[in-house]
Amino acid sequence: MLTEAQLIQIRRHLHQIPELALQEIKTQAYLQRVIATLPQTYLTIKTSPKLPTALLVRVAGQHPQRTIGYRTDIDALPVDEHNELSFKSTHPGVMHACGHDIHMTVALGVLSYFAEQQPRDDLVFFFQPAEESESGGKLAYDRGLLTGEFRPDEFYGLHDNPDLPTGTIGCRLGTLFAGTSEVNVTIHGTSGHAAFPQKANDAIVIAASLVMQLQTIVARNVDPTACGVLTIGKLTAGTIRNVIAGEARLEGTIRGLTQEMISFIQRRVREIVAGVALTYHAQIDVTFNQGGYYPVENDPTLTANFIRYMRAADVDFQTTPPAMTGEDFGYLLSKIPGTMFWLGVDSPGGLHAANFQPNEAAIFKGVTAIRGFLCDRMTQ
Ligand SMILES: CC(=O)N[C@@H](CCC[C@H](N)C(=O)O)C(=O)O
């Protein structure tokens, strides 16, 4: 089994080679190199041209009664790392700012144990590309990667949590994470000279007005006792100070703990866009893309069993409230019952921040908790 020191080296290597969604070529190759160092007797490894950077590893059980899936995401974010670390990202502008390097390392630690100690049940480890965008989990499922002996009967997966103490497991019955929908808006104005605004139709002014009006959806339309989010994370327009921008583009994310909330916010976005288009005599196109980012619904029975184990074991456990983070594991859980949970990493910087810096001591604690849980599950 990989030792704590080896796992930390692995994590640091992964941290240095972050890759964006569907481009995880070096990451996949490195994972395969690490897996090749493990005893191979019980392992079957699968890749597929249908989703080239995905990687699945099956561990054959002794007397399988079921196939238990364990999923980790492997992609990184377009964030420029601000941490001063000897193992800082070597890919400018790309960073494991959501901790998928920790997720992968924990998965490898658990896999390394069962590669040596043959489990009772079959296990499938799914190293999933494209969690941050492009819905890699949905792509894998819809393209048939999780079929045959690689189809889990139940599925588990974690996300690291900067606000929980290192190694603490957090979970809840019901909805753990929000569903999300990307929203893209293109404003078509008319460009012109900065000195003659009356002859142009300024897309920047329209964009500014639209952003402010969109903020009223959550503030004024969403039931304050429910949860909804609309964040515009990217606004692009203009080329130079003395040219009126003819086009502007907004990219954002809509979130809700229910599908109804997501649909409601989408409808209000459409209505407000139509109103702003009328007001400013502009054409405004809006599209939504939910992909596989469904609300993450933990299965009641499996999750009660997971929480029971974590409470009884030598693990720090907390019941956590729902979070507005999204996860395409939500799609996989809509097809296969299972449980998503948090692993505390006590980071000074939050998820998606340039100074996100998880405490590496969480890795071995996570491996121990998950390995223990899986062993317990295989006695049932
Ligand atoms: C855990 C996490 O941070 N996940 C992402 C998922 C993004 C979904 C989609 N691309 C969107 O932006 O809506 C998150 O931002 O929550």
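Along the sequence shown, the residues carry numbers beginning at 1. Atoms within each ligand, like the ligands themselves, are counted from 1 in listed order. The shown structure was predicted, so the numbers you read here are calculated from the model rather than taken from an experiment.
With hydrogens and angles left out, the side-chain atoms of Tyr30 and Gln28 include no donor and acceptor closer than 3.5 Å.
Connection of Leu214 to Val222 is established within a shared hydrophobic cluster, with ILVMFWY side chains joined at heavy-atom distances below 4.5 Å, either directly or through further cluster members.
For ligand 1, the atoms sitting less than 4.0 Å from at least one non-hydrogen atom of Thr325 are 16 (O), numbered in the order shown with element in parentheses. If you number the atoms of ligand 1 from 1 as listed, the ones under 4.0 Å from a heavy atom of Glu131 come out as 1 (C), 2 (C), 4 (N), 5 (C), 6 (C). Atom numbering of ligand 1 starts at 1 in the shown order; those under 4.0 Å from a heavy atom of Tyr293 are 6 (C), 8 (C).
Contacts with ligand 1 closer than 4.0 Å are made by side-chain heavy atoms of Arg255 only, the backbone lying farther away.
The nearest heavy-atom contact from the protein to atom 3 (O) of ligand 1 is His352 NE2, 2.9 Å. Closest to atom 13 (O) of ligand 1 among all protein heavy atoms lies Thr253 OG1, 2.7 Å. Looking only at protein heavy atoms, the nearest one to atom 9 (C) of ligand 1 is Glu182 OE2, 3.5 Å. Scanning the protein heavy atoms around atom 4 (N) of ligand 1, the nearest turns out to be Gly326 O, 2.9 Å. Among protein heavy atoms, atom 7 (C) of ligand 1 sits closest to Glu132 O, 3.4 Å.
Between Thr180 and ligand 1, at least one pair of N/O atoms sits closer than 3.5 Å.
Under the 6.0 Å distance and 45° angle rule, Lys138 does not count as a cation-pi partner of Tyr141.
With ring centers used as reference points, Tyr294 lies under 6.0 Å from Tyr331. Between Phe329 and Phe177, the gap from one ring centroid to the other reaches at least 6.0 Å.
Proximity of a side-chain donor or acceptor of Asn161 to a complementary backbone N or O of Leu343 within less than 3.5 Å is not detected.
Contact check for Pro162 versus Phe356: side-chain heavy atoms found under the 4.5 Å cut-off.
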